[in-house]
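Order of the sequence lines sets the chain letters (A, B, ...), proteins ahead of strands, with each chain counted from 1.
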Amino acid sequence: MPSLNLYDTATREVGVFTPLVKGEVSIYVCGATVQSSPHIGHIRSAINFDILRRWLTKNGYTVTLIRNVTDIEDKVLQKALQEKTHWWELAMKYEREFTAAFSAVNVIPPTYEPRATGHITQMIQLMQILIENGSAYAPGNGDVYIEVRRLKHYLTLSGQRIDDLQPAADTDETYKKDPRDFALWKAAKPGEPSWPTPWGAGRPGWHLECSAMAFEYLGESFDIHGGGLDLIFPHHENEKAQSEAAGYGFAQRWLHNAWVTQSGEKMSKSLGNSLLVEVILERVRGIELRWYLGSAHYRSMLEYSEAALDESAVAFRRIESFLKRATQITGSQIEGTISSEFEAAMNDDLAVPAALATISENLRRGNQSITDGDIPMITKNAGEIRGALQILGCDPFDSHFAGGSSSELRDVMDGVISLALQERASARDRKDFLTSDAIRDGLLALGITIEDTAQGPRWSIMEKS
RNA sequence: GGUCGGGUGGCCGAGAGGCGAGGCAAGGGACUGCAAAUCCCUCUACACGGGUUCAAAUCCCGUCCCGACCUCCA
């Protein structure tokens, strides 16, 4: 097959992706800081990387995907104080919410999901290496810092120069050699959780965990490091600095997803314009939310609006409806296949918008084939659509989305509705349209849509909107 | 101040020197008792000013506007 091309934030170019180990791909994605409920931006990030993972898997790679949970961090402690709860209780609560949100949009769980607090030992080992080789220092107050001026390749991801950085306003220069030095480890303050280290009791700085956990599960070097655009600096820059200073090759390629915006502005916890997943899921189904969030290119901003979400959901239902009809007509389960157009689009830096154009084409041809009664063409187009939806994680036949009414209940409903449709048919035969329309309207009031197709009337339950 | 994105038709949204992505909406048509669904047709855009080129939405220079990051963030 033609090879997969991917963008790399470090070079800002799209290039051929070649994994370190043939047939295997190792990915580290920065997951959630579990300090508040997930919004659709978080979910978008997970969906983008899930699509990458599914595409790699489809192409025969064995994928190891590590997505961390940051369960100890300043904000977690702050929020716990506000909510008058234990920090670990708070972290667990939100971790569960994230897990539920990921599941609602059919994100395959990572191969492993390490928590920062479970990897203190690995962090201490990493600090040991960095202090021994002179990249880091412990000034004696319990903190441990990286000395950024001693790093050879600092800031190569974001393309900045140390001297151009605005030093943090709140930086404490009592112990730092340079205001831009960043903390690997933070000394314990009274009342805060802490773990013992050779340099004093404390807790991890934000960046150290990812370096330590990436090394633990993926080794010195791995293929892809992902996360949101806002993590490039400082988080990824600092992770890279630490790991490289320890002598590791670290990430070979960096992928960053863009945001979900509102009125052009990034959705974020601090701006208070977050759209919580649970709220959106009252408006559309999980599969529709996924379709919407996955439809933009991962490096493009996705400007949220209710109208766009609704439009997207309607478009998805059209596709879904075609697949269901195709299954009924062909009388067999549709097998997902990959068209060469879809493959080309996905191989071009996961060009989902171009891939969606191929689905539109399949849909148009498929519907035409239903009108023509051309079973082989129905099967071909439905197969290519289903194959594409499987990669996008939006396969309506995926058992993950099945839920709801049991097939037994559905059979009963089918029987009952068929009775009503028989009444309607005989009314229509008598040209008693008053009665036939009353039956259709009655069913509609119950949320059941009737469509008269060439193959006879067809009923479906209206999706919530 | 430094760094990085972006501005495309009524709307959304790709593309990145030539061969008009796609979707939605709108209008017209086919089908239909009506409706729904479906199909066909129509609508030709790249912030502004220069430049390079046989050819620019795409490359270069300048300007305007929007957003992001600069140690909390997906």
Side-chain angles (χ1 to χ4, degrees), chain A residues 9 12 29-33 35-36 38-49 70 73-76 78 148 155 158-171 179-183 205-207 226-235 237-238 256-261 263-271 274 295-297 299-303 305 307-308 310-312 314-315 318 321-322 325 345 348 351-361 363-372 428 431-433 436-437 440-441 444 449-454 457-458 460:
Chain A
T9 306
R12 302 190 193 277
V29 177
C30 283
T33 300
Q35 49 117 344
S36 59
H39 61 60
I40 57 175
H42 297 121
I43 295 305
R44 180 192 182 189
S45 179
I47 290 171
N48 288 153
F49 289 104
T70 300
E73 194 261 341
D74 293 12
K75 276 276 164 73
V76 173
Q78 264 177 39
V148 294
L155 303 179
S158 56
Q160 301 175 95
R161 291 185 311 175
I162 291 183
D163 294 311
D164 291 338
L165 293 182
Q166 285 179 359
D170 61 348
T171 194
R180 288 139 188 114
D181 288 353
F182 61 88
W206 177 32
H207 320 296
L229 214 49
D230 44 2
L231 296 181
I232 294 176
F233 186 87
H235 186 51
E237 202 72 86
N238 289 353
H256 291 97
N257 66 275
W259 299 298
V260 178
T261 57
S263 309
E265 284 187 319
K266 173 187 170 191
M267 187 174 296
S268 81
K269 297 160 197 165
S270 35
L271 284 174
S274 300
S295 64
H297 186 94
R299 285 193 281 121
S300 297
M301 300 292 170
L302 176 61
E303 170 69 16
S305 73
D310 291 347
E311 182 191 302
S312 165
V314 167
R318 260 188 96 214
S321 155
F322 165 71
R325 265 191 300 163
D348 180 16
V352 172
L356 296 188
T358 74
I359 294 177
S360 292
E361 184 71 13
L363 183 62
R364 197 171 51 74
R365 290 205 188 120
N367 276 319
Q368 184 65 60
S369 307
I370 287 180
T371 309
D372 299 344
R428 291 180 75 199
K431 301 222 182 292
D432 178 4
F433 298 120
S436 70
D437 286 355
R440 187 173 66 198
D441 293 345
L444 187 66
T449 316
I450 302 303
E451 290 162 25
D452 293 315
T453 71
R458 179 175 167 269
S460 54

[Y] side chain reached by [X] side chain, heavy atoms, under 4.5 Å:
{"X": "A:Ile450", "Y": "A:Leu444", "answer": "no"}
{"X": "A:His39", "Y": "A:Val260", "answer": "no"}
{"X": "A:Leu302", "Y": "A:Ile40", "answer": "no"}
{"X": "A:Lys266", "Y": "A:Leu229", "answer": "no"}

Taking [atom1] from [X] and [atom2] from [N], how many angstroms apart are they, rounded to a whole number?
{"X": "A:Gln368", "N": "B:C40", "atom1": "CD", "atom2": "P", "value": "6 Å"}
{"X": "A:Leu302", "N": "B:G23", "atom1": "CG", "atom2": "P", "value": "19 Å"}
{"X": "A:Arg365", "N": "B:C40", "atom1": "CZ", "atom2": "C1'", "value": "15 Å"}
{"X": "A:Gln160", "N": "B:U71", "atom1": "CD", "atom2": "C1'", "value": "11 Å"}
{"X": "A:Met301", "N": "B:C4", "atom1": "CE", "atom2": "P", "value": "15 Å"}
{"X": "A:His256", "N": "B:G6", "atom1": "NE2", "atom2": "P", "value": "16 Å"}
{"X": "A:Trp259", "N": "B:C66", "atom1": "CH2", "atom2": "P", "value": "17 Å"}

Rounded [atom1] spacing from [N] to [M] in Å:
{"N": "B:A16", "M": "B:A21", "atom1": "C1'", "value": "13 Å"}
{"N": "B:U3", "M": "B:U71", "atom1": "C1'", "value": "15 Å"}
{"N": "B:G22", "M": "B:U44", "atom1": "P", "value": "15 Å"}
{"N": "B:G49", "M": "B:U42", "atom1": "P", "value": "31 Å"}
{"N": "B:C65", "M": "B:C46", "atom1": "C1'", "value": "16 Å"}
{"N": "B:A47", "M": "B:G9", "atom1": "C1'", "value": "14 Å"}

Quick one: label [X] by what it contacts on the DNA or RNA (base, sugar-phosphate, nothing), any heavy atom closer than 4.0 Å.
{"X": "A:Leu231", "value": "sugar-phosphate"}
{"X": "A:His297", "value": "sugar-phosphate"}
{"X": "A:Val260", "value": "base"}
{"X": "A:Leu155", "value": "nothing"}
{"X": "A:Ser300", "value": "sugar-phosphate"}

Notebook entry, point to check: Testing A:Arg458, A:Arg325, A:Arg440 for salt bridge (Lys or Arg N to Asp or Glu O under 4.0 Å) with A:Glu451, which one passes?
Noted result: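 Single pass found, and it is A:Arg458.
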
Output the single nucleotide from [options] whose closest atom is nearest the side chain of [X].
{"X": "A:Phe233", "options": "B:G33, B:G23, B:C70", "answer": "B:C70"}
{"X": "A:Lys266", "options": "B:A35, B:A68, B:U71", "answer": "B:A68"}
{"X": "A:Asn367", "options": "B:A14, B:C39, B:C69", "answer": "B:C39"}
{"X": "A:Glu451", "options": "B:A37, B:A21, B:G5", "answer": "B:A37"}
{"X": "A:Pro234", "options": "B:A35, B:U71, B:A14", "answer": "B:U71"}
{"X": "A:Glu73", "options": "B:G33, B:A35, B:C72", "answer": "B:C72"}
{"X": "A:Thr371", "options": "B:U38, B:U71, B:A14", "answer": "B:U38"}
{"X": "A:Asp452", "options": "B:C4, B:A35, B:G23", "answer": "B:A35"}

Next item on the list: Counting Watson-Crick and G-U wobble pairs whose two distances are both under 3.5 Å, find the runs of 3 or more in a row that involve RNA chain B.
Entry: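 Expected stems, ordered by start: B:1-7 with B:64-70, B:10-12 with B:22-24, B:26-30 with B:38-42, B:47-51 with B:59-63.
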
Has A:Phe433 got its ring stacked on B:G33, by the test of a centre gap below 5.5 Å and a plane angle below 30°?
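Given the distance and angle limits, yes, they stack.
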
Exercise. Between A:His207 and A:Phe182, what is the ring plane arrangement, given parallel below 30°, perpendicular above 60°, and tilted in between?
Worked result: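 The arrangement is perpendicular - the two ring planes meet at more than 60°.
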
- Please test A:Val352 against A:His297 for side chain to side chain contact (heavy atoms under 4.5 Å, CB included), starting from the C-alpha separation and ending with a verdict. CA-CA 6 Å; A:Val352 172; A:His297 186 94; 5.9 Å; no

*Is there a donor-acceptor contact under 3.5 Å linking the side chains of A:Asp372 and A:Gln368?*
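Side chains of A:Asp372 and A:Gln368: pair found under 3.5 Å.
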
| said: Between A:Ser158 and A:Glu237, do the side chains contain a donor N or O and an acceptor N or O under 3.5 Å apart? | reply: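 Short answer, yes.
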
A:Asn257 vs A:Leu363, nearer the 5' end of RNA chain B by closest nucleotide: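 On the 5' side of the pair lies A:Leu363.
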
Between A:Glu311 and A:Gly31, just flag the one whose closest nucleotide in RNA chain B comes earlier from the 5' side.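 Upstream on the strand: A:Glu311.
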
Is there a side-chain contact between [X] and the phosphate of [N], meaning an N or O under 4.0 Å from OP1 or OP2?
{"X": "A:Thr33", "N": "B:A74", "result": "yes"}
{"X": "A:Arg364", "N": "B:G23", "result": "no"}
{"X": "A:Arg458", "N": "B:U38", "result": "no"}

Exercise. Of all heavy-atom pairs between A:Val148 and A:Ile162, which one has the smallest distance, and what is that distance?
Worked result: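 Shortest heavy-atom contact: O-CD1, 4.0 Å.
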
